[in-house]
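I have placed the structure first, in the form of structure tokens, so that the comments after it can refer back to it.
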Amino acid sequence: MRASQFHLFTLKEAPSDAEVVSQKLMLRAGMIRKVAAGIYNYMPMGLRSIRKVEAIIRDELDRAGAMELVMPLVQPAELWQETGRWDKMGPEMLRIKDRHDRDFAMQPTSEEVVTDIARQELKSYRQLPKNFYQIQTKFRDERRPRFGVMRGREFVMKDGYSFDRDVEAAGRSYDAMYAAYGRIFDRIGLAYRAVAADTGAIGGDRSHEFQVIADTGEDAIVYCPDSDYAANIELAEALPLIATRGTPTSALEKTPTPGKATCADVADLLGIALHTTVKSLVLATDEADDNGKIIKSTVWLLLVRGDHDLNEVKAGKIEGLKNGFRFATEAEIIEHFGCKPGYLGPIGLRKPVRIVADRTVANMADFVCGANAEDFHYTGVNWARDLPEPDLVADLRNVIEGDPSPDRKGVLAIQRGIEVGHVFYLGNKYSKSMNATFLDIDGKPKHFEMGCYGIGVTRIVGAAIEQNHDDKGIIWPAAIAPFEVVICGVGWGKSELVRDEAGKLYEALRKAGIDVILDDRDERPGVMFADWELIGVPHRVTVGDRGLKEGVVEYQERRIGEQLKFAPADVVAHVVGRLRG
RNA sequence: CGGGGAAUAGCUCAGCCUGGUAGAGCACUGCGUUCGGGACGCAGGGGCCGGAGGUUCGAAUCCUCUUUCCCCGACCA
């Protein structure tokens with residue numbers, strides 16, 4: 001490719017609405033252009049990286065025995081109604097009507113359609129296992145699209161689905177995909193971690209996320225440096241920090257804490273450690289009648305230590321909160337606690353509430369909590385002595401750095417991550433609701449055991465940039481760079497020698513199978529260098545009269561920056577060695 | 001969805017308060033001088049000032065409505 005024929009268009013300044021570095025750099029490098037909120041053109045420069053990611057995915061999935069197909073972007077409501085997701089999905093699924101007023105959805109994912117394929121095509125256990133995948137545009141009408149390609153509404157995703165005859169075989173399919181994902185991310189060249197993830201309504205332990213490590217990631221990932229434990233913070237188990245409850249040593253005392261409504265403020269005022277305080281969170285659950293009218297509400301008090309945060313995913317697993325909960329209204333709080341938020345606690349309730357204590361809180365002694373009276377806290381609080389034992393003890397909190405690892409092999413560390421892949425065992429949820437069966441060896445129909453496997457193709461491109469950039473621009477891993485090498489012809493317009501030599505190198509690299517672009521724009525060197533550093537091409541060869549006079553061309557690796565001199569005859573071998581060696 | 005903000009050239013922004021011929025830098029076109037780290041000069045092209053309504057002799061500017069975009073938003077008791 002010659003730069004003079006390519007659409008190269010870089011910006012010195014990013015549009016003011018760009019937030020994160022990947023978005024700014026992709027816009028500045030001319031990879032994407034915004035069309036609407038969360039919706040982008042993938043410009044030629046950007047598409048090259050996207051295609052490279054796709055090629056690696058295809059190669060590894062095909063090798064792992066999966067096969068590619070394409071399902072429609074626009075899917076009939078009927079299929080979604082079969083599984084009940086037409087009603088469940090909420091506004092993030094974009095619904096459209098055709099000219100006959102029939103309902104359709106823009107696919108956010110394709111379980112329904114692929115299960116429909118399976119029930120029509122797969123009749124016998126002898127046809128199993130099968131693994132179908134597609135690389136397709138998805139649409140999710142995010143509440144707040146942001147971060148460019150990282151959380152867009154329209155994006156490209158690889159979604160795959162496996163069909164097996166039983167749970168054991170489905171496990172093998174899962175393992176094969178897990179392994180393939182590892183190979184895919186290894187080849188792409190990103191630092192990543194596979195972590196155990198929440199399985200939601202399906203249950204079981206077969207769910208892993210592949211997280212690209214980046215400080216700007218939206219997810220917190222927890223791992224143990226001394227073992228192979230790794231999990232999303234939503235799932236990571238918090239062990240009790242206090243093995244057994246201590247004996248009370250302080251008397252219960254109602255202490256004035258005027259205007260101190262947070263645990264940190266109270267600890268400051270009283271000169272005590274934050275971890276001796278207990279935080280009260282008030283939730284509510286509603287029971288509705290058949291018409292959806294709320295007939296009864298229950299108020300819950302969740303207690304976590306003052307230095308800990310509630311984990312809502314964990315809270316949602318508690319019996320009674322499983323079907324959804326909300327934070328209580330101020331009116332409900334006053335009705336049950338007789339006090340405004342800020343000074344709430346489990347002692348002296350006006351009306352009964354369900355009290356759930358975090359495992360650590362349940363073993364605390366002499367702790368501090370709100371007194372259910374404005375501007376007062378209790379100190380020296382002890383279970384059993386000052387208040388009844390909690391109704392329930394559960395793991396309620398997010399783990400924090402330094403907590404013991406659940407495998408008891410060390411302490412936990414936390415990093416931020418960007419979720420770029422997810423493998424998930426589905427079981428027969430969809431095959432049952434859509435009645436997708438095959439005939440097993442005994443001649444009886446059985447529901448398929450399914451798994452689903454996603455990779456965010458466009459998000460990988462953004463994540464790669466979040467992880468690999470400097471103040472000059474992008475630093476691509478070579479495997480997904482829009483070009484592997486750029487040849488900059490300095491003084492292109494005036495030097496035939498430069499044109500000849502650069503042209504020869506260009507042909508030689510092409511013949512060697514290298515994805516090379518020749519910058520023949522006759523730009524000033526500063527412009528060329530700045531452009532290619534912004535775009536992030538990993539290898540650069542500079543051909544100019546100055547070097548050619550000494551019989552050399554210059555070579556520079558984007559990530560390293562140091563300039564090396566080579567005889568033109570040697571530089572091709574060196575570049576090929578760096579890229580393919 | 002709730003709260004805040006913004007909308008003027010392809011991009012970044014000024015002008016608005018105090019109404020009177022629409023501006024700058026970057027980008028783009030032409031010519032010239034330059035030419036190894038985002039050059040300089042001269043001359044240009046490009047705007048229904050997001051849209052609709054109103055006030056006014058006159059509206060980018062004041063008022064109302066509307067659309068779009070951006071930010072913040074469980075809780076942290």
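In what follows, every chain begins at residue 1, and chains take the letters A, B, ... in the order their sequences are listed.
Heavy atoms of A:Gly491 sit nowhere under 4.0 angstrom from any nucleic acid atom. Within the nucleic acid shown, A:Arg521 has no heavy atom closer than 4.0 Å to any nucleic acid atom.
Taking atom C1' on both B:U34 and B:A24, the two are 25 Å apart, rounded to the nearest angstrom. B:A59 sits 13 Å from B:G53 when the P atoms are compared, rounded to a whole Å. Using atom P as the reference point in both B:A7 and B:G41, the two lie 31 Å apart (nearest Å). Between the P atoms of B:G20 and B:U12, the separation comes to 26 Å (whole Å). Straight-line distance between the C1' atoms of B:C75 and B:A14: roughly 42 Å, to the nearest whole Å. Atom name P, nucleotides B:G19 and B:G58: the rounded distance is 15 Å, in whole Å. Nucleotides B:G30 and B:G46 place their C1' atoms 15 Å apart, quoted to the nearest Å. Between the C1' atoms of B:U55 and B:C76, the separation comes to 50 Å (whole Å).
Judged by the 6.0 Å and 45° rule, A:Arg558 forms no cation-pi pair with A:Trp532. At least one test fails for A:Arg459 against the ring of A:Phe155: distance under 6.0 Å to the centre or angle within 45° of the axis.
Phosphate proximity of B:A6 to A:Ser16: absent, as no side-chain N or O sits under 4.0 Å from OP1 or OP2. The side chain of A:Lys34 places an N or O atom within less than 4.0 Å of a non-bridging phosphate oxygen (OP1 or OP2) of B:C70.
Of all nucleotides present, only B:C1 satisfies the Watson-Crick or G-U wobble test against B:G73, with each distance under 3.5 Å. Base-pair partner of B:A6: B:U68 (Watson-Crick or G-U wobble, both distances under 3.5 Å). B:C62 is paired with B:G54 under the Watson-Crick or G-U wobble criterion, all donor-acceptor distances under 3.5 Å. Shown here, B:C42 forms a base pair with B:G30; the pair counts as Watson-Crick or G-U wobble because both key distances fall under 3.5 Å. For B:G25, the paired base is B:C11 (Watson-Crick or G-U wobble, both distances below 3.5 Å).
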When you compare the protein's N or O atoms with those of nucleotides 74-77 of chain B, which come within less than 3.5 Å of each other, and at what distance?
unit_1: B:A74; atom_1: N1; unit_2: A:Glu312; atom_2: OE2; d: 3.0
unit_1: B:A74; atom_1: N3; unit_2: A:Glu312; atom_2: OE2; d: 2.7
unit_1: B:C76; atom_1: O2'; unit_2: A:Lys279; atom_2: NZ; d: 2.7
unit_1: B:A77; atom_1: OP2; unit_2: A:Cys263; atom_2: N; d: 2.7
unit_1: B:A77; atom_1: O5'; unit_2: A:Ala261; atom_2: O; d: 3.3
unit_1: B:A77; atom_1: O4'; unit_2: A:Gly342; atom_2: N; d: 3.4
unit_1: B:A77; atom_1: O2'; unit_2: A:Leu344; atom_2: N; d: 3.2
unit_1: B:A77; atom_1: N9; unit_2: A:Ser280; atom_2: O; d: 3.3
unit_1: B:A77; atom_1: N7; unit_2: A:Ser280; atom_2: O; d: 3.1

Name the pairs: protein N/O against N/O of nucleotides 39-41 of chain B, kept only if under 3.5 Å.
unit_1: B:A39; atom_1: OP2; unit_2: A:Arg524; atom_2: NE; d: 3.3
unit_1: B:A39; atom_1: N7; unit_2: A:Arg524; atom_2: NH1; d: 3.4

Just the table, please: protein N/O against nucleotides 24-27 of chain B N/O, every pair under 3.5 Å.
unit_1: B:C26; atom_1: O3'; unit_2: A:Lys12; atom_2: NZ; d: 3.3
unit_1: B:A27; atom_1: OP1; unit_2: A:Lys12; atom_2: NZ; d: 3.4

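Separating the OH atom of A:Tyr40 from the C1' atom of B:C69 is a distance of 11 Å, rounded to the nearest angstrom. Rounded to whole Å, the distance from CD1 on A:Ile32 to P on B:C11 is 14 Å. The nearest whole Å value for the distance from the CG atom in A:Asp531 to the C1' atom in B:G37 is 12 Å. With rounding to whole Å, A:Met43 atom CE is found 16 Å from B:G10 atom P. Per the geometry, CG belonging to A:Leu8 stands 12 Å off P belonging to B:C28, to the nearest Å. B:G37 atom C1' lies 10 Å from atom CD of A:Gln556, rounded to whole Å.
Judged by distance alone, the side chain of A:Glu484 and the main-chain N or O of A:Val516 form no donor-acceptor pair under 3.5 Å.
With RNA chain B read from its 5' end, the first of the two nearest nucleotides for A:Phe529 and A:Arg146 is the one closest to A:Phe529.
For A:Pro15, the side-chain atoms get nearest to B:U12 when compared with the rest of B:U12, B:G37, B:C69.
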Under 3.5 Å donor-acceptor pairs involving side-chain atoms of residues 337-344 of chain A, not counting sequence neighbours:
unit_1: A:Tyr343; atom_1: OH; unit_2: A:Gly259; atom_2: N; d: 3.3
unit_1: A:Tyr343; atom_1: OH; unit_2: A:Lys260; atom_2: N; d: 3.3
unit_1: A:Tyr343; atom_1: OH; unit_2: A:Asp375; atom_2: OD1; d: 3.1

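A:Glu218 is linked by a salt bridge (charged side-chain N to carboxylate O under 4.0 Å, His left out) to A:Arg151, counting only residues two or more places apart in sequence or in another chain.
Looking only at atom types and distance, the side chain of A:Arg559 has a donor-acceptor partner in the side chain of A:Asn468 under 3.5 Å away.
Between A:Arg397 and A:Asp309 there is no salt bridge, since no side-chain N of the basic residue sits under 4.0 Å from a carboxylate O of the acidic one. Ion pairing of A:Asp286 with A:Arg326 is present here, as a side-chain N (NZ or NE/NH1/NH2) and a carboxylate O approach within less than 4.0 Å. Ion pairing between A:Asp215 and A:Arg416 fails under the 4.0 Å rule for side-chain N and carboxylate O.
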Practice task
Any chance you could lay out the side-chain hydrogen bond (donor to acceptor under 3.5 Å, both in side chains) test for A:Ser22 and A:Glu466, step after step, and finish with the verdict?
Solution key: CA-CA 5 Å; A:Ser22 61; A:Glu466 291 292 329; 2.7 Å; yes
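In this pair, A:His7 and A:Phe9 present their aromatic rings parallel. The plane angle is below 30°, not in the 30 to 60° band. Classified by interplanar angle (parallel below 30°, tilted 30° to 60°, perpendicular above 60°), the ring pair A:Trp383/A:Phe367 is tilted.
Pairs passing the salt bridge (charged side-chain N to carboxylate O under 4.0 Å, His left out) check and including a residue from residues 377-395 of chain A, sequence neighbours excluded, read A:Arg245-A:Glu389, A:Lys314-A:Asp395.
At least one side-chain heavy atom of A:Leu241 sits under 4.5 Å from a side-chain heavy atom of A:Pro404.
For a distance-only test at 3.5 Å, the side chain of A:Arg28 fails to qualify as a donor-acceptor partner of the base of B:G10.
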